[in-house]
2 protein chains.
Amino acid sequence: MPTTRTTRQREEILRVFEQAKGPLSVQDVLERAGLKVPGLGIATVYRNLKLLQDSGQLESVILPSGEARFERQGLGHHHHFQCLNCGEVVDLDFCPVHLPKGTTLPGGYAIEGHEITFYGRCPNCLEGSEAKPSSALKIGYLEERVE
Amino acid sequence: MPTTRTTRQREEILRVFEQAKGPLSVQDVLERAGLKVPGLGIATVYRNLKLLQDSGQLESVILPSGEARFERQGLGHHHHFQCLNCGEVVDLDFCPVHLPKGTTLPGGYAIEGHEITFYGRCPNCLEGSEAKPSSALKIGYLEERVE
DNA sequence: GTAGATGCAAACGCTTTGCCGCTTA
DNA sequence: TAAGCGGCAAAGCGTTTGCATCTAC
């Protein structure tokens, strides 16, 4: 098998994840890592995300909007919160699900795991309520689905 | 505004959703409605899904695997269960989240809603454990994420 | 008869891959 | 100096759109 080398691009991409408060999109990574590595190509980002995923350093998170993001692996059981205004996603240690191992629901569905995304407003967007939604945000439809 | 007409294609697509136990993929719809409407085109399915979504008859559901599905609107607050073996998705009335309206988490995140997907084994796949995973199933990665 | 709907194929946008020169070790 | 790696551009793939034809009303 091929040995992996330490490159400026890969180092910077990893650093970006170490500084993140929540899962990042491919564009997030390109923009942030690109600050330190001018000329960074999108294909390089994709290749490294996959490589880091396969090597167990990153894992993917797909939000209910369909957007794929990535975060460091090994953060333990946690969920995510997405701001309906700015689209930012942060990690939450909070978990409301307390099902005994081996729980089977009526109908015979044996539960082995779960994934939750919470929606709402982040502190920034709550404070300045005049803040406009990011134009890049495509989660408007979520407004209707809120509990 | 344009008036919508009743076409065989649209009627059949709606009927397919009325008979579904859970959210359906675009391919599901094409295959099932195509049985009654030979020659049904994928573009027609996409156009009708969007149209029915815009008119409030359907809503989209995006699973943690990234797969987009659709289901009838107005089913009330519910969540989904996906079988890790066969990939089937069913509705669950069960909801483990009991947060008072207006709950704000530490850090100042105001929760307005949530979305949950449970994973596990459906009754069919539990029974005949020899059942092979669907070749079309791309949620193998979920195995690692199970709580 | 007319505007909406369908089916086909082209267009799109995001992701992946091929190619080749560059870089790490 | 060799093999992994990055950048660019082409290829893929699922979804959307343009267009001519068909059809509900």
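The sequence lines fix the lettering, A, B, ..., with proteins before strands; numbering per chain opens at 1. Worth knowing before you read on, the calculation uses all heavy atoms, side chains too, and leaves out hydrogens, waters and symmetry mates.
Atom CG in B:L51 sits about 14 Å away from atom C1' in D:dT16, given to the nearest Å. Rounded to an integer number of Å, the gap from B:L40 CG to C:dT6 P is 9 Å. In this structure, the CG atom of B:L49 is 16 Å from the P atom of D:dG14, given to the nearest Å. Straight-line distance from the NZ atom of B:K50 to the C1' atom of C:dT6: 17 Å, rounded to whole Å. Between A:E11 atom CD and C:dT23 atom P the separation is 15 Å, expressed in whole Å. The distance from atom CD of B:E12 to atom C1' of C:dG7 is 18 Å, rounded to the nearest whole Å. When rounded to the nearest whole Å, the span between CG of A:D54 and P of C:dT16 equals 11 Å. Rounded to whole Å, atom P of C:dT6 lies 13 Å from atom CG of B:L30.
Using a distance-only test at 3.5 Å, with no hydrogens or angles considered, a donor-acceptor pair links the side chain of B:Q82 to the main chain of B:G87.
Between B:R10 and the phosphate of C:dA5, there is a side-chain N or O to OP1/OP2 separation shorter than 4.0 Å. Between D:dG7 and A:T44, a contact under 4.0 Å exists linking OP1 or OP2 to a side-chain N or O. Taking 4.0 angstrom as the limit, B:Q9 places a side-chain polar atom (N or O) nearer than this to OP1 or OP2 of C:dG7. Here B:T6 reaches the OP1 or OP2 of D:dC25: one of its side-chain N or O atoms lies under 4.0 Å away.
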Worked verdict on B:E88 versus B:C125 for side-chain contact (heavy atoms from CB on, under 4.5 Å): CA-CA 10 Å; B:E88 184 193 11; B:C125 291; over 6 Å; no
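Comparing C:dA25, D:dC25, C:dA9 by their closest approach to the side chain of A:R5 singles out C:dA25. The side chain of A:N48 approaches D:dG6 more closely than any other nucleotide in the set C:dC8, D:dG7, D:dG6. Side-chain atoms of B:T7 lie closest to C:dA5 of the nucleotides D:dG7, C:dA5, C:dT17.
Here the side chains of A:L99 and B:F94 are in contact, with some heavy-atom distance below 4.5 Å. By the 4.5 Å heavy-atom criterion applied to side chains, A:Y109 and B:P123 are counted as neighbours.
For B:Q27 and B:R8, each mapped to the nucleotide of DNA chain D holding its nearest heavy atom, the one lying further toward the 5' end belongs to B:Q27. Take the nearest nucleotide of DNA chain C for A:A68 and for B:P38: the residue whose nucleotide is more 5' is B:P38.
Classification of the B:H77-B:H114 ring pair by plane angle, with boundaries at 30° and 60°, yields perpendicular.
Residue B:R47 places a side-chain atom within donor-acceptor reach of the base of D:dG18, judged by atom type and a 3.5 Å distance cut-off alone.
Contact annotation for A:I42: no contact, since no heavy-atom pair falls under 4.0 Å across all strands.
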